[in-house]
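To keep things clear, I will list the structure first and then write my remarks on it.
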There are 2 protein chains.
Amino acid sequence: MREAVGAPAPAGRPGRGRRPGARESILDAIRAAEPLSRVELAKITGLTEAAVSMTVRRLLEEGLVVETGRTPTGGKPRTLLQLDPIARLAVGVHLDEDATTYVLTGQTGGVIARLARPASLGDDRDSILRALAADIDTLLAGSGIDPARCLGVGIVWPGPHSGGTPADDTLPHLRGLRGEELGRQLSETTGWPVLVENDATAAAVGEYWVARVGPDQTFAALYMGGGIGAGIVVEGRAMRGGHASAGEFGHLCLEVFGPECWCGSRGCLEILAGPRTVVTAAREDRIAAAEAGLDPAQPSRTVTADFGAIARAARAGAPHCRALLESSARYVAAAAETVVNLLDIDLVVLTGPGFAAASAIYGPAIMRRLAPADAKTWHRNVTVTVSLAAATASATGAAALVLQSHLRA
Amino acid sequence: MREAVGAPAPAGRPGRGRRPGARESILDAIRAAEPLSRVELAKITGLTEAAVSMTVRRLLEEGLVVETGRTPTGGKPRTLLQLDPIARLAVGVHLDEDATTYVLTGQTGGVIARLARPASLGDDRDSILRALAADIDTLLAGSGIDPARCLGVGIVWPGPHSGGTPADDTLPHLRGLRGEELGRQLSETTGWPVLVENDATAAAVGEYWVARVGPDQTFAALYMGGGIGAGIVVEGRAMRGGHASAGEFGHLCLEVFGPECWCGSRGCLEILAGPRTVVTAAREDRIAAAEAGLDPAQPSRTVTADFGAIARAARAGAPHCRALLESSARYVAAAAETVVNLLDIDLVVLTGPGFAAASAIYGPAIMRRLAPADAKTWHRNVTVTVSLAAATASATGAAALVLQSHLRA
DNA sequence: CGGACTTCATTCAGTTGCTTAAGAATGTTA
DNA sequence: TAACATTCTTAAGCAACTGAATGAAGTCCG
């Protein structure tokens, strides 16, 4: 068991004097496979039973962990340990193209309270920040939980966690705002510590957190909202890349001489089969548009909303919409295969509103694409699943990042 | 500065009680930027000056590091530290399709002695193993170096470091041999500790080692020999994937409905533009075959050798050969862009005999492909370079793996 | 030339987080 | 009730690192 999914490193330097972290290993092991006894923890983490005992005592004193029962053995029964779900909490905020979602999440990833707001929270940065702060207060107040237990706020958007702004034209009122500025300003406004993260990366962390993925699994969370991204977790650590823009799954090249993408390159997944492209195609196909109830005279809704409408129509049997999605899915499947091959991924999780709406098409397409080479050459066993909480995965992941960065200390 | 490029983890568990490793950080820092003084090391590694001082003393006692001068400052001059290039050595062996290469390498990655042998060392496993052992002894004996300084043998092949065998039909006499068996058997035959590694991964480690790449750079070594692979190093650690088959760069999908690849999928880079495909195309094009001196009646040589001939012809101005390589390069460039976008790579190094022969075509093609989106969207600065020692990069990397796994302790 | 100053490096005491080894607690089985 | 099995805790020791003070080796300047 290695280190767990990481928040952005505290600073350029390695944590001074940090040890491999019995605390962290133990908390992560319990999270992934609770309930566990001390002896089991020792086996899993590779620590001594003595070390586990001491560390667990501290965790019990802090209230992070609780004893919840015993299982009989040949000798003294094991005392089982679990995380106290509400011992520590964090707020996750997801700034998406078509909605703003707030969740209050405990150590086990369970959603304790949630709040949905329209995407547009105000006309300028200041009013948006004030609205965010007010909503966070409302969420905490409404939950009935002691705010002292809340460790901070994680905020998630389609941009990188630092060093840049969202690349496409979502979030118009925040345009030009860099991740670190957003974090600092929101921290000043709310008084909470704030972490900023990319939506796909956060979704991956959230999935790692709530779906009890083990640190031994290499996994990718494919996220479809207004665009497509991927969060990649290797040995329990989220990959962010040198400049915090890893996971640009939408800009994998799938056609060397394909159409020009807005990113400046050609044949990207996004331009060939991204949700925006699907929506555009549906609006241009009179039958598909009618199937999905897309009004050509009123092109105003968000990509996510339109895509959802297309997916609903396809589920209801509409052939043109279904064909559009099937076509998109073949590209997404090839891109998924690329990622799986390049990184030797064990587990692919589909998440975000796009895949939540259309997983019945995309999931099987990916599995069909992976199957032949898996059987013939790689002899691996890649699992493709759909997130159980695709709609809130990113917000939960944002909160999980905050929790983890604090529980590590 | 994080942990350095990793040898395969000692065992499933985390090294029991391993500390973040002042030793490792310091050695890695010196390797990447020697000469350095103790105070500089403290700054770079984040350790205290006291800790650096103590650790360096031990390294001096062990002879790993030497003091090599002073630089004046305002006060007491700094004593500069360097690695002793021949304090510890390791043998790297590269089992390639068309040759077997041995290198004896010191701590700084410099090649102290080398030996080249034909690819086919024998007709069965036993005689191959005996030939390997004999050649390793010859190399060591001929170098005039005390064998006690040699830490072991790294062996590199086109297969995974464990859990599998080379996927294509190279190395016919070793067919069916698994990585861990090869390592164990060679260890028994030679008496040295043996590590097995994939050729592309080893090339990446070798490049990290000799080209003084810093742990802060995310980089990919693209390796072209009889096929195409990639070794990826993130935060100073080589990515191997859950089942040791990461870096299957040759099986990125670049044409969703492309031709069927031998891996069982479609449109893979390998089948569209891999060296084997280039060679086949050249042999089928009468003019290109003539340009490269490929005899259609005698199709026996290796892919690597034929590809080299094509590249030489192209360098000499042969238009058909050049066109074939340009065509291949456009696919490779798109695949490189995919990797760069997905993992936020800073540095791409081209290595292996294939790229060594044809880097003049592939390098610029990759840069041309990356440029527009870099300028328009990503605002990053990806460096594309050619390995200075492409021919021996893998063997050097194999040796580097051995050195590192020992110097960490 | 000698003292002040600057910077590099080391020493020493104290803390932390583990390890090993022994032992206490808590059950089952005969 | 004694013997056993297993889980968990305690105690002593070690290794690595930190912080703060000290020593060492130069430059600068009157």
Side-chain angles (χ1 to χ4, degrees), chain A residues 1 3 10-11 13-30 35-62 65-82 407-409, chain B residues 1 3 10 13-27 29-30 35-62 65-82 407-409:
Chain A
M1 189 150 303
E3 293 180 46
R13 312 258 162 272
R16 310 206 311 162
R18 272 202 58 242
R19 307 296 155 80
R23 236 183 112 90
E24 187 183 325
S25 309
I26 287 175
L27 284 171
D28 209 46
I30 299 181
L36 289 172
S37 72
R38 290 169 178 77
V39 177
E40 290 169 309
L41 280 170
K43 282 214 185 76
I44 292 173
T45 60
L47 297 163
T48 328
E49 295 178 8
V52 171
S53 195
M54 284 195 305
T55 312
V56 164
R57 183 173 46 218
R58 254 169 297 186
L59 294 173
L60 286 167
E61 283 164 7
E62 294 172 50
V65 160
V66 288
E67 299 188 333
T68 58
R70 333 195 125 221
T71 43
T73 62
K76 175 175 173 177
R78 331 182 145 165
T79 10
L80 297 178
L81 301 164
Q82 289 193 335
L407 297 180
R408 281 179 153 184
Chain B
M1 190 150 304
E3 294 179 45
R13 310 258 164 272
R16 310 205 312 160
R18 270 201 60 244
R19 305 298 153 81
R23 235 183 114 89
E24 186 183 326
S25 308
I26 288 175
L27 283 172
I30 298 181
L36 287 172
S37 72
R38 290 169 177 78
V39 177
E40 290 170 310
L41 280 170
K43 282 214 186 75
I44 292 172
T45 59
L47 297 163
T48 327
E49 295 179 8
V52 171
S53 195
M54 284 196 304
T55 312
V56 165
R57 181 171 48 217
R58 252 169 300 187
L59 293 173
L60 286 167
E61 283 164 8
E62 293 172 51
V65 160
V66 288
E67 300 188 334
T68 58
R70 334 195 125 221
T71 43
T73 62
K76 174 175 174 178
R78 338 184 136 162
T79 23
L80 297 178
L81 301 164
Q82 289 193 336
L407 296 180
R408 281 179 153 184

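Computation of the quantities below employed the complete heavy-atom set of this structure, encompassing side-chain atoms and omitting hydrogens, waters and symmetry-equivalent molecules. Just so it is clear: chains get the letters A, B, ... in the order the sequence lines come, proteins before strands, and each one is counted from 1.
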Report summary line: To the nearest angstrom, the CG-P distance between L36(B) and dT7(C) comes to 19 Å
Query raised in the report: Do any N or O atoms from the side chain of T45(B) and from the backbone of L47(B) form a donor-acceptor pair under 3.5 angstrom?
Result: yes
Query raised in the report: Do E49(A) and M54(A) come within less than 4.5 Å of each other through their side chains, counting heavy atoms only?
Result: no
**Report entry** Residue pair L59(A) / R23(A), side-chain heavy-atom distance below 4.5 Å
**Finding:** yes
Query - Short side-chain to backbone donor-acceptor contact, T48(B) and A51(B), under 3.5 Å - result: no
Query raised in the report: Would you say the side chain of K43(A) lies within less than 4.5 Å of the side chain of E40(A), judging by non-hydrogen atoms?
Result: no
Query raised in the report: Between T68(B) and T79(B), is any pair of side-chain heavy atoms under 4.5 Å apart?
Result: no
Query raised in the report: Between dT16(C) atom C1' and R23(A) atom CZ, what is the distance in whole Å?
Result: 14 Å
Query raised in the report: Quick one: R58(A) CZ to dT15(C) C1', roughly how many Å, whole number?
Result: 12 Å
Query raised in the report: Between R70(A) and G74(B), who's closer to the 5' end of DNA chain C by nearest nucleotide?
Result: G74(B)
Query raised in the report: What is the per-nucleotide protein-contact pattern of nucleotides 8-13 of chain C, from the 5' end, where B denotes a base atom under 4.0 Å from a protein heavy atom, S denotes such proximity for sugar-phosphate atoms only, and - denotes neither?
Result: BBBB--
